[in-house]
Protein chains: 2
Amino acid sequence: MRILILGGDGYLGWPTAMRLAARGHDVMVIDNYLRRTLARETSSLPLIDTPDLAERTAIYRSVSGFEIKVRIGDCADPAVMARVFQEFQPEAAVHYAEQPSAPFSMMGFDQAKLTLTNNLGTTFNLIWSVLQHAPGCHIVKLGTLGEYGTPNIDIEEGWIDIEHRGRSDRFLFPRQGASLYHTTKIMDTDLLWFYVRTYGLRVTDLMQGPVYGLDTKEADADPRLIPNFHYDDIFGTVLNRFLVQAVAGIPLTVYGQGGQTRGFLNLEDTLQCVELALKTPAMPGQLRVLNQYTELFSVNELAARVKRVGGTMGMNVRIAQLPNPRKEREEHYYNVRNQGLIDLGLKPHYLTDDVLGRLLARVFRYRAAIDPTRIQPRVRWS
Amino acid sequence: MRILILGGDGYLGWPTAMRLAARGHDVMVIDNYLRRTLARETSSLPLIDTPDLAERTAIYRSVSGFEIKVRIGDCADPAVMARVFQEFQPEAAVHYAEQPSAPFSMMGFDQAKLTLTNNLGTTFNLIWSVLQHAPGCHIVKLGTLGEYGTPNIDIEEGWIDIEHRGRSDRFLFPRQGASLYHTTKIMDTDLLWFYVRTYGLRVTDLMQGPVYGLDTKEADADPRLIPNFHYDDIFGTVLNRFLVQAVAGIPLTVYGQGGQTRGFLNLEDTLQCVELALKTPAMPGQLRVLNQYTELFSVNELAARVKRVGGTMGMNVRIAQLPNPRKEREEHYYNVRNQGLIDLGLKPHYLTDDVLGRLLARVFRYRAAIDPTRIQPRVRWS
């Protein structure tokens, strides 16, 4: 299959590109290095410097023999995308090309504006690129479980049947995010759903929880193929941050009560989920929403696990409860269905002590690179 | 009160400005004439050419003695709005500064992009102008009943309590629009609600139905004060279009089955509703949603009324059922609560035969200006 990956330089985009190429697909990535630019501007560089896409793909080719085509450009630019679509004629497009940080989106006007413009701009442009140049192309869009927020009812997979005063109808599940970033993802879904039902696009919206990990079969072949691993307060996901804090002897930064519960998954399972979504595409006119996580943990539970497993490895892991810099519920009901991807064949990799131990050991190898100034919360909207 | 009107040159913005000035408020309007530009580009000029804001406000001052301050500029431009806010320090802002046409938003990529960028850009910029320069300012935002679409359940005023598998919570009422324009208004509401709950903004979102009419007490003082009255397929609302068609002897263009039901209101009642919303502002941290219409009619009912009343005035009114150029339900359940504005004191002006007759007579005076080429649907997305 010809698969275009938007945002192919990212934490998820790069491992996805390698995996799909290794499966024999014809893969092209496009990226404008926005996340690298923003990480530099906010002093949030990843644990290990990663080569650019030209170099990464050359290394990957030399160790695996698989080719990944690279285009550098802005996915929100119609001319750039028209050229890519006409040339490559993708049968599927995996859309990761968004500003992915909630704290970044809350830093101020400029960062909020960039998040709104970039995220809606890339999604809108992808929709139109497909309409104009590749009408049958299956869009696989990375959404987030954060679109649902933390409602007091069970979270269904995208859709809900509502009974109201003796009548009923089916609707998109109500969504309410805890940052502007999350709000732009809600708006992405609104935009996609409008064009899906109007022009018969085929879209899978993957409502993903926080991802952890830095190993994939392909990345492990050469240290320079490592995904860009952020552990800072802005671009890092919570478990990755805890792993680095444990290794560096910095107290794990639990925000507020720590009862915030989320649906987590291993990077390896993100790759599985995207592959499964591609293998069984959405139908024309279908917005298929799949909730993408394998296990629910509260922040406290995660911290306790890292402390325990780190302890068995001789690390003295402490936990610090900080005033929550975010505006979010710290104790809440949370029950999220995730049968869709299981039905498609997902075989979860659970967060066992063994998995945690291997992650800690992997991060330990890079401990000299850890910069403690990137770890405390620098953005507040509580 | 110091009231800033964004989009003060529009069909609703201009009469609102005159009304609020006549009530003794300190009124400033800002507009970049976008709607005039787009109407010219799409051959959709209004029935009567209207003077620009400098001239309109001078005429209004000479006939009424009331002053309306004018600024020409783009409400999506941060520098423009910062200057206006710092200078004028508005206590309330009425936000009409959006591309208001569903068919325009469906013409193609450029028009869709403009609608998305402009509508979210102005709303986003208004939010930040208030946050940065006038934190207590009450935002009165023109939404649309079209945000709700035509669900098979009763439409509440913005919010709904959902019971699901034995638990319950309150959510924004589910929304699903029939054009990109409507979708951008849904996204506006998402954006406003995020910033309302995060930073305690005060926002009233008026979910308004199609407006008809061209008389207001202030506009009637001089023919050059007439609101810009569009009767074309792109910027005209349905009843205004029917009035012109009846006068011009062109069959009324009913799209499809004509069972499309909407909540209508007289231009005079729009002014009342906006005044009422300003008089009792939303609380800090409140997104108050009010459904703004006075009567439900199907398109067929409207056409039949215009035919009947036109007939009594000697007009030979015919009705033409055209293939629907839009993708929308043509027969559907529609029950929309509108108690909020009644409770605030709205005294509806209903669409009586007398009112219709006076509107037809008013349009008749301008019959020489009617251009029949602007009346048949030119944009299709069915």
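Protein chains get the first letters and strands the later ones, always in sequence-line order, with residue 1 at the start of each. The analysis underlying the following values was restricted to heavy atoms, covering all of them including side chains, and did not include hydrogens, waters or symmetry mates.
- In terms of non-hydrogen atom pairs under 4.5 Å with chain B, the most contact-rich of T198(A), D161(A), I127(A) is T198(A).
- Neither the backbone nor the side chain of R175(B) comes within contact range of chain A; no heavy atom of the residue lies under 4.5 Å from a heavy atom of that chain.
- By number of non-hydrogen pairs under 4.5 angstrom with chain B, the leading residue of E156(A), R170(A), H182(A) is E156(A).
- Side chains of L191(A) and M187(B) form a contact here, defined as non-hydrogen atoms less than 4.5 Å apart.
- Ranked by heavy-atom pairs shorter than 4.5 Å toward chain B, the options F171(A), F173(A), Y333(A) are led by Y333(A).
- T183(A) is not listed as a side-chain neighbour of W193(B), based on a closest heavy-atom distance of 4.5 Å or more.
- Looking at L116(A), only its side chain comes within 4.5 Å of chain B, counting heavy atoms on both sides.
- For Y181(B) and F194(A), the gap between ring centers reaches or exceeds 6.0 Å.
- The choice from L172(A), I186(A), D154(A), T184(A) that makes the most heavy-atom pairs within less than 4.5 Å of chain B is D154(A).
- Looking at I160(A), only its side chain comes within 4.5 Å of chain B, counting heavy atoms on both sides.
- Taken to the nearest 0.5 Å, the NZ atom of K327(B) stands 8.5 Å off from the OH atom of Y199(A).
- Of all residues in residues 336-343 of chain B, those placing a non-hydrogen atom less than 4.5 angstrom from a non-hydrogen atom of chain A are R337(B).
- Chosen from S168(B), P78(B), P151(B), G166(B), the residue pairing most often with chain A at heavy-atom distances under 4.5 Å is S168(B).
- The stretch residues 282-291 of chain B participates, sequence neighbours left out, in these side-chain hydrogen bond (donor to acceptor under 3.5 Å, both in side chains) pairs: Y148(B)-N291(B), T204(B)-R288(B).
- Across every non-hydrogen atom of G108(A) and W128(B), the tightest pair is C-CH2, 3.4 Å.
- The CG atom of D190(B) sits 10.0 Å away from atom OG1 of T189(A), with the distance rounded to the nearest 0.5 Å.
- Atom CG of residue L180(A) and atom CZ of residue F124(B) lie 6.5 Å apart, to the nearest 0.5 angstrom.
- For the set G177(A), G121(A), A178(A), the entry with the most heavy-atom pairs within less than 4.5 Å of chain B is G177(A).
- Contact annotation for F109(A): both backbone and side-chain heavy atoms come within less than 4.5 Å of a heavy atom of chain B.
- Put simply, the side chain of Q176(B) reaches to within 4.5 Å of the side chain of R197(A), judged on heavy atoms.
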